[in-house]
Each structure stands twice: as C-alpha cells, then as structure tokens.
Asker: 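Pasting a structure below so you can have a look.
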Amino acid sequence: MMLNKLCRNAKKWIACLLLNSCACMAWGQETKGGAITIQSPDKNVSFRFHQLADSGKRTMFYSVNYKNKPVILQSVLDLQMDNDLSEKAMALKVDRHKNWCENLSITRVDSSMHDTTWVPVVGEKSQIRDRYNSVNITLVKDDNPIYVMQVQIRVYNEGVAFRYYFPENPKGTYYNITSENTEFHLPEGTQAWFANWAQAPYYKLPLKNWPGESERPLTLELPDGLYAALGEAQLVDYARTKFKLSVSKPSTIVTSMFGSAQLISPVGTPWRTIMVAEKPGDLIANNYLMLNLNEASKITGTSWIKPGKIIRVMAQTTADAKANIDFAVKHNLQYVLFDWKWYGPAFSFSSDATKVAIPYFDLPGIISYGKEKGIGVWLYVNQQALYAQSDSLFAVYHKWGIKGVKFGFVQQGSHRWTTWVEKTIQQAAAANMMVNIHDDWRPTGEQRTWPNLMSAEGIRGNEEMPDATHNTVLPFTRYLAGAADYTICYFDKRIKTTHAHQLALAAVYYSPLQTLYWYDKPSEVHNEPELEFWDKIPASWDDTRVIQGKPGEYIVTARRKGSTWFVGMITNNDARQVKFELDFLDQGKKYKATIFSDDPSVNTATHVSVKSRIVTNTNELKSSLLPSGGQALIIEDINNLNNK
C-alpha cells in the first residue's frame, strides 16, 4: 500500500524538485521499488539510492559513479538496533523485526543545494569552499510510526557523504545501535592501503584475506585508474568504525563498529565518506571534505590559538629547559614541550598533574623565562590525570601561562571514550588551552568545530623510525583525516632516510603544531646551513598544491604562506628523477629559489647542499633524488626580498 502511495506521489515530488532547482536529481519507479539519483554540482559524481523488497522485507541500497565509471557498485545501507529495554521501560511497542531496517517506508524526500566559503583558524588553505547537493530521505517503520529515520546524503565535487539521522522521538525512546552494516561493493581488482591500527605500517592488499580490520581513512586504487578513500567524519557521539571484508560478498568492505552506541535523539551517526579522484594527489588536496562535514567553530575569540613549531625537551631540568628555549628563539620555533612523568608516574591516579614531581625543574621559572623570550610551554598529561582532574586542570594551566596540553595514551574506540575525548577538548577550549592528542586516536574533522585541537598522532611516525617508502604512503592515507604529529627528527642516527628527506617532511606533512627535532638536542646542532628551511617554514598555510605523487612511490607538495612557497619532495626507498613545472607561481614575477638537496660531496655530517637560482612560473625543475632521499625548496618573490 505504501509503495502504491509513493507511485501516486512520484509526479508531485518531481515537480517540487524541479521547481526548487536545488539539486540535480530524479525520482523514478523501478520494477521492485523507487530510485533517487543525486549529482554533484559539476555533475561528475552521482549517488543512487533505492529500496528493493524480497519476501515482504525491504533493503536499502546505494551506488556511486564518477564520470559514469563505477566507484561503488550496488551496496547495502543498514544498521541494527536493540531498543528493547527502553521500549519496555516506557511502555512502548516493542520492535520485533530481526533486521531493524526491513520495514522502513519512504514518506518524504527533501533536496537542497549548499554553497558557502569559510575561513579556518589554522589550515592548509586560508579559505575553504563547502559546496554540495543534498537529499534527505525520510523513512518510517510501517508498524511503529514513532520510529523515523532519515538517510542524509551530500554529493560534492570531491565525493559523497551519507549518514543515518534520527529526528527527535516524540515518545522519548532511546536508541541502542548495536552494529552498522554499511557496505562498499567495489569493482573487481580494487586494491587497498591497509593498516590494522592507527600507528601500524601500511600494506597494499587486494580485497581478500585481510589480516584483521583496516583503519580509516582507507585509500583505494580502482582498476579503471580512479582513486577513492573511505572515511569517517564527525565522530563525536558514537563508537569508532573501522572497515572489514564481507564474509559472503567478494570485493565488498563493511563498516565495523568498535561496540554499541547508546544515543538520545535528535542525533545522527558519523558521516561515511567516499572521496573520489582521478589522481591520488587530489585526495590530499580535497581532504577539507572531512572538515566540511563538521559544525562551524564553537570558539568565539580565537586569538590565543596560534600555530607553530615545537621541540621536545629531552632532559627535564631547568638548565636543559632554558637551553631549549634559547634554541627555539635562534631557530624560530614557537614552543617547547615537557613530555611525560614531569608530574610523577604517568599511569598512576596518585600522580597530581598540578605539581612538579622531579627535582631540578623550576617550572614557574621556566614558564617565565619562555615568556620573556616569546616561547610558549606545552605540557604532557596522561589519561589518568586528565580523567581525574580535567574539570579544573586546564584552568590551573591557563593561570600558570601554559599554552597547550598533549594528551597521552587516551583510550579510544568505544562510545564512552569517544565522548570523553570530545568533552575534554571542549574543557581545554574553555580555558584557552590548545590540544595535541597522541597515540592511537585519529581526528575526523572535529578540529573545525574546536580549532584548539591542533594536531594528533594516530600515525606511524618517527618514534617508530619507518622507512622512506612508508613516508610516501602517509600523505595519501593518514593525512586525509587531517593534521598529524609525525614528530620529525633530524640528527638522530636511527633515521632510515636521508637528511634532505627529513627536511622536506615539514612541507609534505601538515600539522599546525609541527614537532621538529623530536629525538634531538640543541647540543647536536652545529649551524648546519640547511636548517634555514625549518627556520623559515610556517605551520599554517594560505594555499596547498599536490604537484605530483603516488602512494608508496613519491610526492611533491607545494605550500604557500603570503607570497612565499615552500616545496617538499620525497621518494621511497628507490632513487628517482623528478620533473615538475613551477606554474603555480604568479605570472610575470621573478623568484629566488633556495634548494636544499642531498649531496654526498658536502663535508658535513648531514651531507645537504644549499644552492639558489632565479626562477619564474615558466621554469621546469629537475631533481635527482637519492634512495630514501628528498629535496626542499624555499621560493621567494624577489621584489619582497629587495624591499626588506
């Protein structure tokens, strides 16, 4: 009956949609159900939704195409709920359906178009465009109309996003989501960059025989030459969701929640995102999609949120702290960090994170000395102290003059700890405290809403000393989620790359709190001339271009601040010849390019040469990269240099 009613209303819906001219979509009648197709503003990306009935039970499906090429073949949209206890407690009708979604009927379809531009506090670009066509499909349970669910779909030029949303329930029942079973059926031959956990190495695998679940974002190479990335955005009130292989359907990935989520309406699940690109570098350039799927900043007055470069003080004494502050001044760093145990055993609830527990460490004096020199202080605090003291801790630190807190060893994954992390970020914001979250936690775009979240680990960085090939994978995978704290080293003898490779990482990898010299000490630095690149590089940008690259092979990234460009290129474990145009420079202007390259003939411990030349936007640069090597460039407008 409901299906017949939908058929009668189909013409009315079409007329309404055409009148609104809000989205490029069509509502049509299929043999076994209706279908809705919505396109991106540039009409390259299309998303198709439909329901099919079998033995009286309905299933929701979707598919995604890019320029008429399949990205996601017909795949199931589904979640499972068990509201039994809430329904009984509130004397409501108990839902007895084995599959919660099997008796949902479409009652309404609303479309709209969105096109705005917003300015991030810090970022890879100074302005971000948020443009999409959307449709909200409202569905109601046939036999229990208090249950209303929307499938909310947004189609961008950069890809698609969708989620399940529950409007306010008139009877007040709660929602216990026990699993989400969203499928991603990919073309045969698709390969994935698999990582089992957030700090794991990456492996390029076919969609079969995975050794466990994969982290998100999950970057995919499709057999027709396209690239895609599956992601999760706005994970603020839910359980983390990874990706696993279907046990019954080939070439199919399924969402896998860490555990159940207990929700109160109105509420939506996190967005499931599918970025699509013809070149892998475009996935990086378009990673602002994750930010666009989060709410606008909730912080009024953000002058205290300042991007910068930071060095960790390796020996926590007053003398070492002041030596690092002096080093930070000399090398244009903005912050110093005191890592764990400064307040006692980090894993013990008996430790008080408002009291210094080590001798020869005059923290008030150090903070005062840093303030005199223009250098801010960050403190590490482990989860035990954060959990016990966060209601007052950040206000204490603000009074001390601390600029930021590094959260350490936070639990993550479950609904409980997801909401706890989000609450703690907000508590830090209320005290004007910046945040860096370490270990296995990854952002999902919430740094737009709470821009005091400067960076996060969730990456196999230099603590693990990965090789160069791993480093070329990260920009196309982990960095799609946003800023990452790789903890770049330079002088440590354990690094498995050349020094020019390490130097270039500061431009290739984005973090508005960029950790440099992670395992290094000021005493190890001997005025190496190539450190000019780190001295001058900023941590937040006006523009970012991914010039060339392929995961696991190499990447060339150019970032601009003002009129100056910083370019970083790295290769994998193999030597490589790289050629690229400078057409991103302004036409008609001359620039000075300072080039920092690996050069075994240079008689220093780091073997990096520094050369310069005049260039314009018509020039092509050719670089010979050593195995595990790299190159960095500063490209400055000559007119600006002459006016200094």
Side-chain angles (χ1 to χ4, degrees), residues 121 174 234-240 258-259 261-264 267 294-295 297-306 335 337-358 361 363-364 366-367 376-444 446-458 485 513:
V121 178
Y174 304 129
Q234 202 182 39
L235 173 61
V236 296
D237 186 14
Y238 207 68
R240 182 204 62 209
F258 184 93
Q262 292 77 42
L263 307 174
I264 300 175
V267 66
N294 282 260
E295 296 180 16
S297 175
K298 293 186 178 181
I299 300 176
T300 57
T302 57
S303 60
W304 53 274
I305 301 175
K306 296 184 182 299
Y335 302 108
L337 165 70
F338 299 111
D339 216 343
W340 75 331
K341 297 185 179 181
W342 66 268
Y343 60 91
F347 293 112
S348 174
F349 280 104
S350 64
S351 297
D352 184 346
T354 65
K355 296 179 180 178
V356 176
I358 55 177
F361 191 65
L363 185 55
I366 293 166
I367 295 169
V377 172
W378 280 64
L379 297 176
Y380 173 102
V381 182
N382 212 44
Q383 176 162 355
Q384 282 78 358
L386 288 170
Y387 183 72
Q389 298 179 262
S390 63
D391 287 347
S392 59
L393 185 64
F394 302 119
V396 172
Y397 287 172
H398 179 68
K399 186 176 181 180
W400 287 1
I402 298 299
K403 301 302 181 183
V405 178
K406 175 182 170 182
F407 297 5
F409 291 104
V410 297
Q411 291 199 61
Q412 50 75 52
S414 70
H415 186 200
R416 174 192 180 184
W417 291 115
T418 295
T419 55
W420 176 83
V421 169
E422 295 300 321
K423 176 185 176 182
T424 311
I425 294 169
Q426 296 172 34
Q427 289 177 316
N432 288 8
M433 199 64 49
M434 292 180 282
V435 170
N436 178 13
I437 304 177
H438 257 234
D439 304 299
D440 206 43
W441 189 88
R442 283 186 172 180
T444 59
E446 57 269 67
Q447 54 269 50
R448 178 188 181 185
T449 311
W450 301 103
N452 63 313
L453 174 58
M454 304 298 284
S455 193
E457 193 176 16
D485 192 11
L513 183 73

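Heavy-atom basis, side chains included; hydrogens, waters and symmetry copies ignored.
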Asker: Scan residues 385-408 for pairs that pass salt bridge (Lys or Arg N to Asp or Glu O under 4.0 Å), counting only residues two or more places apart or in two chains.
Answerer: Asp339-Lys406

Asker: Drop me the distance from Ile367's CD1 to Ile402's CD1, to the nearest 0.5 angstrom.
Answerer: 3.5 Å

Asker: Provide the closest heavy-atom pair for Ala385 versus Ala353 in the form atom of the first, atom of the second, distance.
Answerer: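 Heavy atoms only, the tightest pair is CB-CB, 3.8 Å.
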
Asker: Phe347: which residues meet the ring-ring contact (aromatic ring centres under 6.0 Å, His included) condition with it, sequence neighbours left out?
Answerer: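 Trp340, Phe409.
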
Asker: Could you walk me through whether Trp450 and Lys298 pass the side chain to side chain contact (heavy atoms under 4.5 Å, CB included) test, one step at a time?
Answerer: CA-CA 6 Å; Trp450 301 103; Lys298 293 186 178 181; 3.7 Å; yes

Asker: Can you sort out the partners of Asn382 under side-chain hydrogen bond (donor to acceptor under 3.5 Å, both in side chains), two or more places apart, ordered by chain and number?
Answerer: Tyr380, Gln384

Asker: Could you report the tightest heavy-atom contact between Ala357 and Gly344, atom names first, then the distance?
Answerer: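 The answer is CB-N, 3.5 Å.
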
Asker: Which residues satisfy the side-chain hydrogen bond (donor to acceptor under 3.5 Å, both in side chains) test with Ser297, sequence neighbours excluded?
Answerer: none

Asker: Kindly write out the residues that satisfy side-chain hydrogen bond (donor to acceptor under 3.5 Å, both in side chains) with Lys341, not counting sequence neighbours, or none if the list is empty.
Answerer: none

Asker: Who are the ring-ring contact (aromatic ring centres under 6.0 Å, His included) partners of Tyr174, not counting sequence neighbours?
Answerer: none

Asker: With a 3.5 Å cut-off and sequence neighbours excluded, list the donor-acceptor pairs that the side chains of residues 412-420 form with protein atoms.
Answerer:
unit_1	atom_1	unit_2	atom_2	d
Gln412	OE1	Arg240	NH1	2.9
Gln412	NE2	Asp440	OD2	3.1
Ser414	OG	Trp417	N	3.2
His415	ND1	Gln262	N	3.2
His415	NE2	Asp237	OD1	2.6
Arg416	NH2	Tyr387	OH	3.1
Trp417	NE1	Gln411	OE1	3.4
Thr418	OG1	Tyr238	O	3.2
Thr418	OG1	Ser414	O	2.9
Thr419	OG1	His415	O	3.2
Thr419	OG1	Arg416	O	2.8

Asker: Looking at Pro345, is its backbone amide N or carbonyl O close enough to the side chain of Ser351 to form a donor-acceptor pair, meaning the two atoms are under 3.5 Å apart?
Answerer: yes

Asker: Residues in side-chain hydrogen bond (donor to acceptor under 3.5 Å, both in side chains) with Ser348, at least two apart?
Answerer: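 Residues passing side-chain hydrogen bond (donor to acceptor under 3.5 Å, both in side chains) with Ser348: Ser350.
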
Asker: Do Tyr343 and Leu379 have side chains that approach each other closer than 4.5 Å (heavy atoms only, starting at C-beta)?
Answerer: no

Asker: Return the CD to CD1 distance between Gln383 and Ile437, rounded to the nearest 0.5 Å.
Answerer: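 Nearest 0.5 Å value for the CD-CD1 distance: 10.5 Å.
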
Asker: Going by side-chain contact (heavy atoms from CB on, under 4.5 Å), name the residues that satisfy it together with Val121, two or more places apart in sequence or in a different chain.
Answerer: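 Thr302, Ile305, Pro451.
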
Asker: Got a sec, which residues hit ring-ring contact (aromatic ring centres under 6.0 Å, His included) with Trp304, two or more places apart in sequence or on another chain?
Answerer: none

Asker: Determine whether a donor-acceptor pair (N or O, by modelled atom type, separation under 3.5 Å) exists between the side chain of Asn452 and the backbone of Met433.
Answerer: yes

Asker: When rounded to the nearest 0.5 angstrom, what is the spacing between CD in Gln389 and CZ in Phe349?
Answerer: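 Rounded to the nearest 0.5 Å, the CD-CZ separation comes out at 10.0 Å.
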
Asker: Run through Thr424, Asn436, Val381 and flag the one making a side-chain contact (heavy atoms from CB on, under 4.5 Å) with Phe407.
Answerer: Thr424

Asker: Side chain to side chain contact (heavy atoms under 4.5 Å, CB included), that's the test. Do Met434 and Leu513 meet it? Break it down for me.
Answerer: CA-CA 10 Å; Met434 292 180 282; Leu513 183 73; over 6 Å; no

Asker: Does Gln234 have any side-chain contact (heavy atoms from CB on, under 4.5 Å) partners at least two apart in sequence or in another chain, and if so, which?
Answerer: Arg163, Val236, Trp271, Asn294, Glu295

Asker: With sequence neighbours left out, what residues match Tyr397 under ring-ring contact (aromatic ring centres under 6.0 Å, His included)?
Answerer: Trp400

